[in-house]
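Presented below is the structure to which this report refers.
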Amino acid sequence: MSRGPGGGTALAWLPLALVTGFSTISAPVPAVGQTDAVLAQPPDSEPEPILLELQMGRLARQPVQAYRVRTEALVPLTQFLQLAEIRYRLSPEGQLEASVDPGNRRLVVDALRDTMSYGSHRVRIEPEFKLFRDAELYVGAERLSDLLGLRIEVNWSDLRVTLVDPGALPIGRRVRREATRQSFLRRGNGPRP
């Protein structure tokens, strides 16, 4: 009978050798009937540049350079805020701060943080749905919709991103004030009794 190291028999070391040998296998073994498609990596999350039309309801529209990540449209936040007539400041590091009336609610979106804030409301944003490139901060339309509490629709067939009802934003309130003023002035120019 042969003796192994330390004086034990070779058969006593066999279970340890089997366990050690099998523990070095690192590649996953597919289950019976499993295909390569199941083992494939998730789709690429690299932003694809695209030209979209950004709309504030029927009040304002502008073509913008945007990005597409899977089914999400990343819209340029400064151009969105300009169309909505919201004051903002964008730092060279990619932190955007805005003040939204009424109520002077603070909007903060930072390219380096995973949370956006609007007043006391917070929304988490995944890294692939925000992008700071060429001094512009891009944010996923769906996440922006969640943050602002407003409905934003993305229509890929028309290449259009629309804020459906901008009435709560400064542009909507300005248009409403102007319409009320025009109505008042027309009433004053009517026939006299």
Side-chain angles (χ1 to χ4, degrees), residues 40-179:
Q41 297 296 321
D44 190 22
S45 295
E46 188 64 29
E48 171 192 351
I50 192 163
L51 187 63
L52 294 174
E53 184 173 70
L54 185 58
Q55 290 186 323
M56 294 288 144
R58 296 181 182 193
L59 306 178
R61 65 177 62 190
Q62 176 181 336
V64 296
Q65 166 69 51
Y67 288 89
R68 180 178 183 158
V69 174
R70 295 190 292 273
T71 60
E72 182 83 10
L74 275 60
V75 297
L77 193 53
T78 63
Q79 293 180 50
F80 178 91
L81 295 175
Q82 285 172 3
L83 274 180
E85 300 178 2
I86 296 173
R87 301 179 314 260
Y88 69 89
R89 185 183 69 79
L90 179 63
S91 76
E93 296 79 30
Q95 182 182 36
L96 184 137
E97 293 184 31
S99 178
V100 183
D101 289 324
N104 202 24
R105 292 177 71 184
R106 190 165 176 242
L107 171 70
V108 178
V109 181
D110 192 330
L112 301 176
R113 297 187 182 254
D114 66 350
T115 304
M116 306 182 294
S117 65
Y118 179 51
S120 61
H121 183 60
R122 308 270 185 271
V123 171
R124 188 177 185 289
I125 185 165
E126 299 85 349
E128 63 264 23
F129 297 125
K130 68 179 180 220
L131 177 68
F132 184 63
R133 185 174 287 175
D134 300 325
E136 178 62 81
L137 182 59
Y138 299 87
V139 176
E142 185 178 326
R143 276 75 181 163
L144 186 58
S145 176
D146 292 344
L147 179 65
L148 298 176
L150 300 170
R151 197 168 112 217
I152 298 176
E153 291 181 351
V154 177
N155 185 328
W156 287 113
S157 61
D158 292 339
L159 296 176
R160 186 178 307 141
V161 175
T162 306
L163 175 64
V164 176
D165 181 14
L169 297 178
I171 187 173
R173 289 194 326 281
R174 178 185 59 79
V175 168
R176 196 167 44 250
R177 277 193 316 270
E178 289 174 0

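Position 1 is the first residue of the sequence, and the numbers go up from there.
Between Phe132 and Ala111 the shortest heavy-atom distance is CB-CB, 3.7 Å. Listed here is the closest heavy atom pair of Tyr88 and Gln82: OH-NE2, 2.8 Å.
Using a 4.5 Å cut-off on side-chain heavy atoms (C-beta onward), Glu85 and Leu169 make no contact. Between Leu81 and Leu107, some side-chain heavy-atom pair lies under the 4.5 Å cut-off. Proximity of Asp165 to Arg151: side-chain heavy atoms (C-beta onward) are nowhere separated by under 4.5 Å. You'll find the side chain of Glu136 reaches within 4.5 Å of the side chain of Gln79, heavy atoms only. Counting heavy atoms from C-beta outward, Val69 and Leu74 have side chains that approach closer than 4.5 Å.
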Please tabulate, for side-chain N and O atoms in residues 122-131, each donor-acceptor pair with protein atoms closer than 3.5 Å (sequence neighbours left out).
{"unit_1": "Arg122", "atom_1": "NH1", "unit_2": "Gly119", "atom_2": "O", "d": "3.2"}
{"unit_1": "Glu126", "atom_1": "OE1", "unit_2": "Arg143", "atom_2": "NE", "d": "3.2"}
{"unit_1": "Glu126", "atom_1": "OE1", "unit_2": "Arg143", "atom_2": "NH2", "d": "3.3"}
{"unit_1": "Lys130", "atom_1": "NZ", "unit_2": "Arg113", "atom_2": "O", "d": "2.2"}

Next on the checklist: Could you walk me through whether Glu48 and Arg68 satisfy the salt bridge (charged side-chain N to carboxylate O under 4.0 Å, His left out) test, starting with their C-alpha distance in whole Å, then the side-chain angles of each, then the deciding distance to 0.1 Å, before giving a yes or no?
Outcome noted: CA-CA 5 Å; Glu48 171 192 351; Arg68 180 178 183 158; 5.2 Å; no
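Between Phe80 atom CZ and Leu148 atom CG the span is 5.5 Å, to the nearest 0.5 Å. Rounded to the nearest 0.5 angstrom, Ile86 CD1 and Thr78 OG1 are separated by 12.0 Å. Note that CD1 of Ile171 is 7.0 Å distant from CE of Met56, once rounded to the nearest 0.5 Å. Note: Asp158 CG to Leu52 CG = 11.0 Å, rounded to the nearest 0.5 Å. With values rounded to the nearest 0.5 angstrom, Leu159 atom CG is found 5.0 Å from Ile50 atom CD1.
Partners of Pro49 under the side-chain contact (heavy atoms from CB on, under 4.5 Å) rule, at least two apart in sequence or in another chain, are Gln65, Tyr67.
In this structure, Thr162 contributes its side chain and Gly57 its backbone to no donor-acceptor pair below 3.5 Å. With hydrogens and angles ignored, the 3.5 Å screen pairs a side-chain donor or acceptor of Glu72 with a backbone N or O of Glu142.
Enclosure of atom CG in Asp134 is not indicated, since only 12 or fewer non-hydrogen atoms of other residues, nucleotides or ligands lie within 6.0 angstrom.
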